[in-house]
Amino acid sequence: MFELSPWDTLIYTLLILALMFFISKLCMESPPAVRIRDNKNGHRWSYTDFIINFPLHCNACETFLLTATGQCCTVCGAAACTSAKCIRTVDRKVSCKSVSRCKSVEEAKVKSIQPAKHKWLGGNLPLDSVCCVCEDPAGDGPGLRDLRCVWCQRAAHTQCLALVGERCDYGEHSNLIVPPERVVAKQGRTVASPRRKIISNLVLPTDNPKFRPLIVVGNNKSGNSDGATVLAGFRRQLNPAQVVELGESSMEEALEWCSLASPRECIVLACGGDGTIGWVLNTVDKLKLSTPPAIAIFPLGTGNDLARALGYGSGSDSSENISKVLTDLENAKVVDLDRWKVKVVPRRHLRIRLPTTTIFMNNYLSIGVDALVTHNFHKARESPFYLISSRIINKLIYFSYGTKDVLERQCQNLNNKLELHMDGKKIELPEIESVVILNIPYWGAGVKPWELGSGHKDFNFTPSFSDKKLEVFCVFSSFHIAQMQVGLSEPHRVGQAREVKIKLTGSVPMQIDGEPWEQHPAEISLQHHTQVQMLEMGPKTFSS
């Protein structure tokens, strides 16, 4: 039998370990970077039935696509029939918007000081287009009429084009756009993604204090699937790499923009509901960015309570004017939002200590009947029979579960299952069915509970989402919530505190920022965690 000496065994072991190390390095994902989609090989096509709201003609054969099946590029706006011939023709003759035009930092420094040129696309102009030369309507008539620059969005008649000039200034939103001349892209190949490209560096302007790159994050399925159209609208206004679809990239990759742009501050626009905003804020907190971004909201959720508190309105959809949204973001005010650390310490069960859970809260925490309704709604939404998603249907489901609890009253005598402590002082509670701890003025999809009725006059403070304090109130029943929704009643106000502790002695429904679960006996404590920068809209900006 073949035997190895101790030295041979050591050498073979080291060789095997070295081989395993190199294999793991080869298979391992590269460090977080902004993954991009290379548009040089063709357009990013999508069916026209949900991506356009204006007359569209094929850029190859000029077929009118509202009377025929076609596809539209969600990046530059080029269009094509579904025939392979037309798609190949448009891909070959009409180039898409470039993400990057540089392969090194030195090349980016040279190109960034050279004037950028317009990139004209023929036809398919928005209905309200006006020629930037003669100021007459542009794009009227059948076929591919007139031209539009895909970067600055200026339109021009074909006969006026010679008077426009070659230099492109990236339009009225240039302070939000990262030009491709300032983006350095390189191959970031891995075994899993051999053709992957990443943005490795940005050469940003140093002489423009108003320049703040806008990063848009969202999901195509958000807001009754309006998310796809909304993200396409932002891609056409910005550098396509500035719009990150969370079904294709991770939130960490999206926020890597903030590291690349540092020390320049970015604006991160979260397209979604309160859950998406919480996801962004939690990721920013986890990454510990040297230059944290200012967070803005494009509300596509059902409740949108944080969006209401910051002036974005009750909800948006694909009909929004994206150019106006960008203008509003440039004029928005930066405010601080408190974030709270919620520590849930379960009680021993069969002498076994269960692990402690830490959750971060932005909006509110509630225990009782409103959490029960939310919990039932989430179970219904995860059901295979939940086929149609819309805000109206979601609110009808909420209403049906709320009405059901009016009769069943599953959270009756909640005060016998918990103890409430505010700043170390135990609070005696009446017979209630819910306890709500507020950080923002809105709750329950648009209710401002602290301002209802006249009871708030008994308290000598004005609630704020940046005062490092929480407001606590109680609800008597599901019917009481319905009365508050229409302004016919007011909550049982308890007061304000810097630290809140709840001791649960029984299992009850609980939710934080709209994420519900069944909470078993535990001790729950809320303490101030940090403040984050948010963009607050002025009055009458986003549509409600």
Acceptor/donor pairs from residues 199-206 side chains to any protein atom, 3.5 angstrom cut, sequence neighbours excluded:
| unit_1 | atom_1 | unit_2 | atom_2 | d |
| --- | --- | --- | --- | --- |
| S200 | OG | V184 | O | 3.4 |

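- Screening V325, V230, T229 against E320 for a side chain to side chain contact (heavy atoms under 4.5 Å, CB included) leaves a single residue, V325.
- In this structure, the salt bridge (charged side-chain N to carboxylate O under 4.0 Å, His left out) partners of R154, at least two apart in sequence or on a different chain, are D169.
- Scanning all heavy atoms of the two residues, the minimum distance from C73 to R236 falls at O-NH2, 3.2 Å.
- Rounding to the nearest 0.5 Å places CG of N175 at 9.5 Å from CD1 of I267.
- Distance alone, capped at 3.5 Å, is enough to place a donor-acceptor pair between the D423 side chain and the E499 backbone.
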| task | Apply the test side-chain contact (heavy atoms from CB on, under 4.5 Å) to residues I113 and K109: give CA-CA distance (whole Å), side-chain angles for both, the deciding distance (0.1 Å), then the verdict. | result | CA-CA 7 Å; I113 60 176; K109 289 180 179 179; over 6 Å; no
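- Counting non-hydrogen atoms of other residues, nucleotides and ligands closer than 6.0 Å to NZ of K501 gives a total of 12 or fewer.
- Atom NZ of K111 has more than 12 heavy atoms from other residues, nucleotides or ligands within 6.0 Å.
- With values rounded to the nearest 0.5 angstrom, N304 atom CG is found 8.5 Å from I297 atom CD1.
- With sequence neighbours excluded, the residues satisfying side-chain hydrogen bond (donor to acceptor under 3.5 Å, both in side chains) with N362 are R339.
- Taking the six-membered ring where the residue is Trp, H529 and F360 present tilted rings, their angle falling between 30° and 60°.
- Residues S259 and L289 have side chains in contact (heavy-atom distance under 4.5 Å, counting atoms from C-beta outward).
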| message | Checking T276 against N219 for the side-chain contact (heavy atoms from CB on, under 4.5 Å) test, could you report, in this order, the C-alpha distance in whole Å, the side-chain angles of both residues, the deciding distance, and whether it holds? | response | CA-CA 9 Å; T276 304; N219 194 301; over 6 Å; no
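- Within 6.0 Å of atom CD in Q114, more than 12 heavy atoms from other residues, nucleotides or ligands are found, so the atom counts as buried in its surroundings.
- To the nearest 0.5 Å, atoms CG (D146) and CG (L121) are separated by 12.0 Å.
- Between L438 and Y364 the shortest side-chain heavy-atom distance falls below 4.5 Å.
- When all heavy atoms are compared, the tightest approach of M422 to G495 is CE-C, 3.6 Å.
- Heavy-atom minimum distance, L144 versus G122: CD2-O, 3.8 Å.
- K97 contributes no side-chain N or O that, together with a main-chain N or O of K119, makes up a donor-acceptor pair within less than 3.5 Å.
- Under the side-chain hydrogen bond (donor to acceptor under 3.5 Å, both in side chains) criterion, S250 pairs with no residue at all, not counting sequence neighbours.
- Using modelled atom types, no side-chain atom of Q242 and backbone atom of P213 make a donor-acceptor pair closer than 3.5 Å.
- Looking only at side-chain heavy atoms (C-beta outward), C72 and L56 come within less than 4.5 Å of each other.
- A salt bridge does not link E330 with K210: every distance from a Lys NZ or Arg NE/NH1/NH2 to an Asp or Glu carboxylate oxygen is 4.0 Å or more.
- Judged by distance alone, the side chain of E245 and the main-chain N or O of N220 form a donor-acceptor pair under 3.5 Å.
- Sorted by first and then second residue, the salt bridge (Lys or Arg N to Asp or Glu O under 4.0 Å) pairs with a member in residues 269-280 form an empty list; sequence neighbours excluded.
- The stretch residues 148-184 participates, sequence neighbours left out, in these ring pair (Phe, Tyr, Trp, His ring centres under 6.0 Å) pairs: W151-Y170.
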| said: Would Q496 and D467 count as a side-chain contact (heavy atoms from CB on, under 4.5 Å) here? Give the steps. | reply: CA-CA 11 Å; Q496 194 179 56; D467 59 1; 3.5 Å; yes
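- Each ring pair (Phe, Tyr, Trp, His ring centres under 6.0 Å) pair with one or both residues in residues 265-294, not counting sequence neighbours, would appear here, but there are none.
- Between S46 and T74, the side chains place no donor N or O within less than 3.5 Å of an acceptor N or O (distance only, hydrogens not considered).
- Annotation for D305 and G444: closest pair OD2-N, 3.6 Å, computed over non-hydrogen atoms.
- The CG atom of N282 lies 11.0 Å from the CG atom of L287; values are rounded to the nearest 0.5 Å.
- Side chain of D513 to backbone of N363: a donor-acceptor contact under 3.5 angstrom is found.
- Nearest heavy-atom pair across P299 and A307 is CB-CB, 3.7 Å.
- Within the structure, ring pair (Phe, Tyr, Trp, His ring centres under 6.0 Å) contacts touching residues 118-140 (residues at least two apart or in different chains) are H118-W120.
- Looking at residues two or more places apart in sequence or on another chain, you find no ring pair (Phe, Tyr, Trp, His ring centres under 6.0 Å) involving Y442.
- Inter-residue side-chain proximity for F465 and E536 is flagged as met; some heavy-atom pair is nearer than 4.5 Å.
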| request: Under the side-chain contact (heavy atoms from CB on, under 4.5 Å) rule, what do C96 and R44 come out as? Steps first, then yes or no, please. | output: CA-CA 9 Å; C96 196; R44 184 168 182 154; 6.0 Å; no
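- Separating the CG atom in L337 from the CD1 atom in I295 is a distance of 10.0 Å, to the nearest 0.5 Å.
- Rounded to the nearest 0.5 Å, atoms CG (D338) and OG (S464) are 7.0 Å apart.
- The closest side-chain heavy-atom distance from E253 to E248 is not below 4.5 Å.
- Within the 4.5 Å cutoff, the side chain of D91 has heavy atoms near those of the W45 side chain.
- The side-chain heavy atoms of T283 and E252, taken from C-beta on, include a pair separated by under 4.5 Å.
- With sequence neighbours excluded, the residues that form a ring pair (Phe, Tyr, Trp, His ring centres under 6.0 Å) with F459 are W450, F461.
- Distance alone, capped at 3.5 Å, is enough to place a donor-acceptor pair between the N239 side chain and the V178 backbone.
- Of all the heavy atoms in C258 and T291, the pair that sits closest is CB-O, 4.1 Å.
- A donor-acceptor distance shorter than 3.5 angstrom exists from the side chain of Q153 to the backbone of V150, with no hydrogens or angles considered.
- By the salt bridge (charged side-chain N to carboxylate O under 4.0 Å, His left out) test, R212 pairs with E265, sequence neighbours left out.
- By the 4.5 Å heavy-atom criterion applied to side chains, K103 and K186 are not counted as neighbours.
- For H456, there are no side-chain hydrogen bond (donor to acceptor under 3.5 Å, both in side chains) partners, not counting sequence neighbours.
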